[in-house]
Amino acid sequence: MKKTLFILAFLAFYTTFSQEVFNSTIKLMGSRFDISVVANSKTEGDAFIATAIEEITRIEKLISSWDENSQTSLINSQAGVKPVKVDLELFQLIERALKISKLTSGAFDISYASMDKIWKFDGSMTSMPSSEAIKKSVEKVNYQNIILNPKEQTVFLKQKGMKIGFGAIGKGYAADKAKRLLQSKGVQAGIINASGDLNAWGKQPNDTDWMVAIVNPLNKEKVFSWLPVNNSAVVTSGNYEKYVRFNGELYSHIIDPRTGYPSKGILSVSIFTTSAELADALATSVFVMGKEVGLDFINQLKDVECIIVDGNNQIITSNNIELKQNTND
Ligand code: ADP
Ligand code: MG
């Protein structure tokens with residue numbers, strides 16, 4: 001899958017300091033991961049990076065819906081048949097995902113995975129699917145039919161053919177977990193960047209904050225603004241290569257699971273908060289909600305901020321975010 005990086009982690013190297021930044025880029029969970037750690041030597045840095053890779057690989061095995069041996073695949077294969085006992089970690093991830101579904105009135109829904117793929121965003125589609133086909137495509141999508149039993153630690157998908165998937169939350173979760181593990185091993189600073197879903201901690205070796213670039217989704221060479229990230233997550237959702245226009249209206253690849261229609265009018269959403277998992281889920285949610293409802297929603301959440309780039313390439317920000325427009329671009 002081709003991933004577009006909307007946020008580039010800006011890494012500075014200062015050789016005058018004993019600590020250095022060590023980086024590695026690797027494909028995990030079907031996406032590009034850029035792992036950066038601050039360490040005293042290459043040997044130490046490499047060991048930290050290996051620890052992060054191991055953790056992300058472990059999570060992938062648990063939540064992947066394309067690995068038929070994962071617990072997630074087992075839940076899906078038993079849809080409409082019987083509840084499946086899962087690890088506490090997966091149970092709790094699903095529990096949190098359901099909370100976000102409730103919070104967003106179903107804009108976010110991990111059972112989106114059973115949606116029929118009737119929309120194509122590669123330019124091959126010349127007309128909209130019929131309204132019947134659209135309605136039918138989301139027939140089996142409904143987070144309320146994901147039944148959790150905390151006592152038995154089981155997950156049951158009520159309807160045959162139902163499926164869950166972690167495409168809109170898994171990378172954020174993996175970034176959070178890798179960060180937490182490295183911190184527990186004493187790593188002072190770093191960034192786990194999963195194709196634009198990142199969580200950073202500590203500072204650069206020269207004692208300045210890590211910086212992320214908010215880039216123009218229509219021209220990735222152009223930076224709208226640089227923002228410091230201080231022990232927090234930044235997640236960008238959106239891909240300008242994946243949208244279609246019908247009658248002048250821009251439809252993006254993220255589909256509203258309640259209606260089956262693609263979301264409209266947004267090119268990209270960046271969410272700023274402490275957890276990359278939450279930020280990941282909220283970025284997708286804001287896409288589905290659209291810019292007015294989405295912005296209003298984010299403004300009601302404590303310690304969550306967002307930057308939306310709309311279909312006209314205009315930047316809209318939540319109440320407590322200050323953007324310095326980049327004067328060089
Ligand atoms: P990106 O493609 O930039 O990673 P997201 O983080 O928003 O974008 O994730 C999009 C993915 O999330 C889709 O490819 C799909 O797997 C899944 N998804 C799409 N719509 C929804 C939704 N409404 N709720 C939950 N997951 C979704
Ligand atoms: Mg997401």
Side-chain angles (χ1 to χ4, degrees), residues 1-8 27-33 60 63-66 72 76 93-94 96-122 137-138 140-146 162-176 193-199 215 217 220 233-243 251-264 266-271 273 275-290 293-294 297 306-309:
M1 195 194 326
K2 190 162 176 281
K3 285 281 155 185
T4 307
L5 265 183
F6 286 154
I7 293 191
L8 308 167
K27 201 169 169 193
L28 295 164
M29 306 175 81
S31 303
R32 175 192 163 128
F33 272 73
E60 179 174 11
I63 68 172
S64 154
S65 32
W66 57 90
T72 303
N76 289 341
L93 177 65
I94 297 172
R96 291 194 300 276
L98 291 182
K99 272 196 191 139
I100 298 171
S101 294
K102 285 195 192 107
L103 190 69
T104 61
S105 315
F108 179 84
D109 190 333
I110 53 170
S111 73
Y112 79 90
S114 48
M115 201 155 27
D116 296 332
K117 304 233 167 354
I118 56 169
W119 299 88
K120 291 191 184 68
F121 298 97
D122 56 5
S137 72
V138 288
K140 298 197 181 90
V141 181
N142 186 353
Y143 70 93
Q144 285 159 330
N145 288 334
I146 304 172
M162 257 184 98
K163 273 191 202 131
I164 56 169
F166 298 96
I169 192 171
K171 279 181 289 159
Y173 176 63
D176 286 350
N193 182 353
S195 298
D197 297 5
L198 68 87
N199 202 336
V215 305
K220 283 172 279 157
V234 184
V235 167
T236 296
S237 180
N239 191 333
Y240 75 100
E241 283 156 351
K242 286 196 258 176
Y243 66 79
Y251 293 88
S252 91
H253 76 295
I254 295 179
I255 292 163
D256 187 333
R258 300 162 298 191
T259 62
Y261 281 84
S263 53
K264 278 196 286 191
I266 293 184
L267 280 173
S268 90
V269 178
S270 299
I271 301 279
T273 191
S275 140
E277 173 193 320
L278 178 66
D280 198 359
L282 292 180
T284 305
S285 309
V286 169
F287 240 103
V288 172
M289 291 172 168
V293 178
F297 169 68
C306 80
I307 298 175
I308 298 173
V309 181

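Small disclaimer: the values here were computed from a predicted structure and weren't measured. Read the numbers this way: they start at 1 and go in the same order the structure lists the ligands and their atoms.
Within the 4.0 Å heavy-atom cutoff, Gly172 does not count among the residues contacting ligand 1.
Residue contacts with ligand 1: Ala107 is placed with a nitrogen or oxygen under 3.5 Å of a nitrogen or oxygen of the ligand (distance criterion only). Checked by distance only, ligand 1 and Tyr112 come closer than 3.5 Å through their nitrogen or oxygen atoms.
Against a heavy-atom cut-off of under 4.0 Å, Ile255 is close to the following atoms of ligand 1: 20 (N), 23 (N). Close approach of ligand 1 to Gly238 (heavy-atom distance below 4.0 Å) involves ligand atoms 3 (O). Using a 4.0 Å cut-off to heavy atoms of Pro257, the atoms of ligand 1 that qualify are 23 (N). Interface of Phe108 with ligand 1, defined as ligand atoms under 4.0 Å from a residue heavy atom, comprises 24 (N), 25 (C). Close approach of ligand 1 to Ile254 (heavy-atom distance below 4.0 Å) involves ligand atoms 7 (O), 20 (N). Which parts of ligand 1 touch His253 is read off a 4.0 Å heavy-atom cut-off, strictly below it: atoms 2 (O). Interface atoms of ligand 1 facing Lys171, defined by a heavy-atom separation under 4.0 Å, are 4 (O). Each of the atoms 6 (O) of ligand 1 lies under 4.0 Å from some heavy atom of Asp280.
Under the 3.5 Å distance criterion, with hydrogens and angles disregarded, no donor-acceptor pair is assigned to the side chains of Ser263 and Asp256. Side chains of Thr104 and Ser285: a donor-acceptor N/O pair is absent below 3.5 angstrom, by distance only.
Closest approach of Ile63 to Gly170, counting heavy atoms only: CD1-CA, 3.7 Å.
Contact of the Leu282 side chain with the Phe297 side chain is registered, since non-hydrogen atoms from C-beta on lie closer than 4.5 Å.
Relative ring orientation between Trp119 and Tyr261 is described as tilted, the plane-to-plane angle lying within the 30° to 60° band.
Put simply, the side chain of Ser101 gets close to the backbone of Ala97: a donor and an acceptor are under 3.5 Å apart. For the pair Ser137 (side chain) and Gly260 (backbone), a donor-acceptor distance under 3.5 Å is absent.
Here OG of Ser65 is found 8.0 Å from CZ of Phe166. Values are rounded to the nearest 0.5 Å.
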